[in-house]
Amino acid sequence: SRKTRHGRMPYKPEEKINIYGYGRIYYVFFDQNKHLYYLIVRHNLSFEDNTYVSYYDGAPFSILVYDEQFNKKGEKRIRSDKYDYLYTFLTKKGLCLVKTSKSSDYDPKKIRLDAYRIGK
């Protein structure tokens, strides 16, 4: 990802580290019709951002798209105040992203989602 770094070097147990300071791949989906892979990658978070609520609700993330030979086709950064990366799933209509409580049109009584269609 050009938006975050992945993985971390080994560390000593007594070291104070920010385990969220690196991006993390959360999901890998394969679209059998389009023959594309979609990776959901949470971006790195600072110590200031590293709160329970920020981590699970509205953390910034990207959707990376690869073909069957794992050639990168694109990357789309998703606004951190709109969707929750933990609740993403693939349907025939595209990737479905659930609205976060930080979204301006959030309704606690309804689950709202949008479908992203990503072409070849």
Side-chain angles (χ1 to χ4, degrees):
S1 170
R2 295 187 322 169
K3 311 293 182 187
T4 191
R5 60 188 188 273
H6 298 101
R8 63 178 180 261
M9 297 299 292
Y11 60 91
K12 297 176 184 174
E14 65 273 8
E15 286 182 77
K16 182 178 179 183
I17 64 162
N18 176 11
I19 64 171
Y20 307 114
Y22 297 88
R24 179 176 169 190
I25 297 171
Y26 272 84
Y27 299 109
V28 177
F29 300 107
F30 180 67
D31 187 328
Q32 293 180 345
N33 296 322
K34 294 182 181 179
H35 303 282
L36 295 172
Y37 288 95
Y38 306 107
L39 279 70
I40 307 302
V41 177
R42 185 211 11 101
H43 295 180
N44 56 305
L45 299 171
S46 69
F47 271 122
E48 293 77 31
D49 293 334
N50 183 12
T51 63
Y52 183 80
V53 174
S54 292
Y55 178 66
Y56 288 106
D57 192 16
F61 68 99
S62 289
I63 300 170
L64 283 73
V65 181
Y66 291 86
D67 65 16
E68 286 184 299
Q69 289 73 43
F70 297 103
N71 297 307
K72 189 174 178 182
K73 305 304 274 181
E75 179 173 354
K76 172 71 176 166
R77 185 182 193 284
I78 304 298
R79 288 180 28 207
S80 61
D81 61 345
K82 188 138 177 130
Y83 299 105
D84 190 335
Y85 66 94
L86 288 174
Y87 301 104
T88 303
F89 53 94
L90 183 64
T91 69
K92 291 179 182 178
K93 293 187 178 187
L95 281 174
C96 290
L97 304 174
V98 175
K99 300 277 181 138
T100 178
S101 65
K102 294 179 180 181
S103 180
S104 60
D105 57 350
Y106 175 74
D107 182 345
K109 296 180 181 176
K110 298 178 185 176
I111 294 176
R112 300 210 37 197
L113 54 92
D114 289 330
Y116 273 108
R117 295 181 190 191
I118 300 173
K120 280 195 169 187

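- For F61 against R42, the heavy-atom pair with the smallest separation is CB-CA, 3.9 Å.
- Shown here are the salt bridge (Lys or Arg N to Asp or Glu O under 4.0 Å) partners of D67, two or more places apart in sequence or in another chain: there are none.
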Checking side-chain contact (heavy atoms from CB on, under 4.5 Å) for the pair R24/V41: CA distance, chi angles, key distance, verdict?
CA-CA 5 Å; R24 179 176 169 190; V41 177; over 6 Å; no
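- Salt-bridge annotation for D84 and K99: absent, with no side-chain N of the basic residue lying under 4.0 Å from a carboxylate O of the acidic one.
- With sequence neighbours left out, Q69 forms a side chain to side chain donor-acceptor pair (under 3.5 Å) with no residue at all.
- Taking both residues in full, the closest heavy atoms of R77 and S62 are given as CA-OG, 3.7 Å, listed atom of the first, atom of the second, then distance.
- If you take OG1 on T88 and CD1 on I40, they are separated by 5.0 Å, rounding to the nearest 0.5 Å.
- With ring centers used as reference points, F29 lies under 6.0 Å from Y27.
- Atoms CG and CG, on L86 and L97 in that order, are 12.0 Å from each other to the nearest 0.5 Å.
- How far OH of Y83 is from CD1 of I78: 7.5 Å, rounded to the nearest 0.5 Å.
- Not counting sequence neighbours, the partners of K110 by the side-chain contact (heavy atoms from CB on, under 4.5 Å) test are D107, R112.
- Here the closest non-hydrogen pair linking E68 and Y37 is CA-CE1, 4.1 Å.
- Every residue two or more places apart in sequence or in another chain was checked for a ring pair (Phe, Tyr, Trp, His ring centres under 6.0 Å) with F89, and none qualifies.
- Side chain of T91 to main chain of K93: a donor-acceptor pair is present (N/O by atom type, distance under 3.5 Å, no hydrogens or angles).
- The aromatic rings of Y66 and F70 are tilted relative to each other, their planes meeting at an angle between 30° and 60°.
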Please walk me through it: do D31 and L90 pass side-chain contact (heavy atoms from CB on, under 4.5 Å)?
CA-CA 8 Å; D31 187 328; L90 183 64; 4.2 Å; yes
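- Residues satisfying the side-chain contact (heavy atoms from CB on, under 4.5 Å) test with Q32, not counting sequence neighbours, are F30.
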